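The structure appears below as structure tokens.
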Amino acid sequence: MTPPKDHGQFGPREIAVIGGGFAGLSAAYDLARAGHHVTVYEADDYVGGLAGAFATEGERLDRFYHHWFTNDLEVMDLIAELGLKDAVVTNPTNTGVYYNTSILKLSTPVDLLKFKPLPFLDRIRLGLLTLRARRVADWKALEARTAADWLRELGGKRVYEVMWEPLLNGKFGPYAEKVSAVWFWNKLKLRGGSRGKGGEERLAYLEGSFARLAESTAEGITRAGGTVKTKHPIETINRDEKSGRWTVAGPWGEAASDLVVATPALPIIAEMVGAWAPDSYQDELNRIDYLANVCLVLRLDRSLSSTYWLNVNDTDFPYVGVIEHTNFQDRSKYGGDHVVYLSRYLPHTEDLYGMSPDEILDYSIPYIQRMFPAFSRDWIKQFHVWKARWAQPVVEQHYSSLIPDSKTPFEGLHICSMAQVYPEDRGTNYAIREGRALARRINTEFADT
């Protein structure tokens, strides 16, 4: 698909895109192909945002674990356009639950029927819960409800306490009771729609890491005449009222443009416009809370288990998920090592977030040994710790009323952040969807002037 090149009587515009994550890159890709003079400004020395990668023996690894669902069509369309379709692998996955010191398989409907922590009748209730959730036609009807109340109603008290309460607490911590039913409904809908004929969950991955897609998109921007500048943080966004032109500035200098697309977390955008934007608008940008993430990546000389995705239904365990990536991608791609991710969402004020990598590893090892009694520290060949301050917006009740519009009250300034992906949750598929949708709106507005 080639976007229209009719820019109206004023010709192509100078457009500054702040942020080299998937929202910014996909918007810039379509805007550049439409003939505009686009410059992407990325603070890090790499593109991809949370989908950045790091070098290891063999193929690069994602800093934070990633996969796609088979119904993530927006990302698949972009992959096809960039000629990377042959690099996508789709495999069935082995999912499990850690509960009461045991790892229990939970990948298929048959596994559910054998799930011993729940009485048989509650296993049926749990299966029916996911079916009922997927049949919700109007998510707006759930906006006034918390996930906790909705899940208790659908599955009963016992199902909630065993399956859902530990996951909500592990993911959202102090915000668990505020999380909207819409957020959980979307998770159930996505996972239910990414299954094979036998009911097994099927997921997709891009060989060579998700960063490969970000880098290919950046190359596409450059081919279309745009520019991608890494190590170019933006500190301020300003507008000249007389000319209507915008200026973005950072320690590297400043640059003028006709239009700005800002894609960082909303509180960061609030800081960028803080010198002139009204307090009421800054309050709007700061209203949504965010959780941080700590991700411990282990390269081991042997496997922890046969499970790919292990949900941790134990509130004493510091990580909400243990993801053994090499139970999905063959370990031969990583020098024969077994790769494991341990992920924790948390307020950035928690002690764990402030620890050094060595401290995080020392803190984590006793918990890993409790879950996998045979595990020994000498299994570890390498480890890495990655942190993200703005990892997860907290999706509260009536969240749609909290989201600022992508078209701001200030002519020529647009925002497109992960907090605006709704009713879906943040993820590369929806970042691409929103970035390209914004590009279409901008191209249409320019064509009409």
Side-chain angles (χ1 to χ4, degrees), residues 3-21 23-32 34-43 221 225-229 231-288 390 401-420 434-449:
K5 292 183 178 292
D6 178 9
H7 306 292
Q9 58 179 316
F10 298 105
R13 305 312 209 271
E14 296 281 349
I15 300 176
V17 176
I18 303 172
L25 290 174
S26 56
Y29 176 66
D30 283 350
L31 290 167
H36 298 297
H37 303 149
V38 180
T39 303
V40 178
Y41 298 92
E42 170 53 50
I221 294 167
T227 304
V228 178
K229 295 184 176 183
K231 296 187 285 189
H232 274 64
I234 301 298
E235 294 175 339
T236 60
I237 304 170
N238 287 292
R239 185 170 188 260
D240 186 304
E241 292 298 330
K242 290 183 179 179
S243 67
R245 296 268 288 171
W246 289 87
T247 300
V248 295
W252 49 269
E254 63 179 40
S257 65
D258 298 308
L259 182 142
V260 175
V261 173
T263 68
L266 298 176
I268 296 176
I269 299 173
E271 291 180 4
M272 293 176 179
V273 302
W276 53 268
D279 289 346
S280 58
Y281 188 67
Q282 293 183 60
D283 290 343
E284 186 177 354
L285 294 177
N286 284 308
R287 170 59 184 83
I288 294 171
W390 309 99
S401 66
L402 305 179
I403 305 171
D405 196 277
S406 62
K407 187 172 184 179
T408 73
F410 317 106
E411 187 65 31
L413 175 62
H414 297 258
I415 57 176
C416 186
S417 79
M418 72 166 77
Q420 294 162 285
E434 295 304 304
R436 303 193 85 170
L438 177 57
R440 286 194 296 271
R441 292 195 296 272
I442 290 172
N443 282 326
T444 299
E445 290 175 10
F446 282 163
D448 290 341
T449 57

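Please read all numbers here as calculations on a predicted model, not as lab measurements.
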### Task
Output, in order, the C-alpha distance, side-chain angles, deciding distance and verdict of side chain to side chain contact (heavy atoms under 4.5 Å, CB included) for Val40 and Thr227.
CA-CA 6 Å; Val40 178; Thr227 304; over 6 Å; no
Spell out, as yes or no, whether a donor-acceptor pair under 3.5 Å connects the side chain of [X] to the backbone of [Y].
X	Y	result
Thr263	Ile18	yes
Asp240	Ser243	yes
Glu42	Lys231	no
Trp252	Pro233	yes

### Query
Would a 4.5 Å heavy-atom cut-off, applied to side chains only, mark Val17 and Tyr41 as touching?
no
### Query
Would a 4.5 Å heavy-atom cut-off, applied to side chains only, mark Asp279 and Gln282 as touching?
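Of all side-chain heavy-atom pairs linking Gln282 with Asp279, at least one is under 4.5 Å.
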### Task
Answer yes if the ring centres of Phe410 and Trp276 are under 6.0 angstrom apart, and no otherwise.
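They qualify: ring centres under 6.0 Å apart.
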To the closest 0.5 Å, what do you measure between [atom1] ([X]) and [atom2] ([Y])?
X	Y	atom1	atom2	result
Leu402	Glu284	CG	CD	9.0 Å
Ile234	Ile268	CD1	CD1	12.5 Å
Asn286	Leu266	CG	CG	8.5 Å
Leu259	Glu411	CG	CD	8.5 Å
Ile15	His36	CD1	NE2	5.0 Å
Thr236	Glu254	OG1	CD	8.0 Å

### Verdict with reasoning, Arg436 to Asp30, per salt bridge (Lys or Arg N to Asp or Glu O under 4.0 Å)
CA-CA 7 Å; Arg436 303 193 85 170; Asp30 283 350; 2.8 Å; yes
### Query
Taking atom types as modelled, is there a side-chain donor on Thr247 or Arg239 under 3.5 Å from an acceptor on the other?
no
#### Entry: Pair Glu445 + Lys407: basic N to acidic O under 4.0 Å
yes
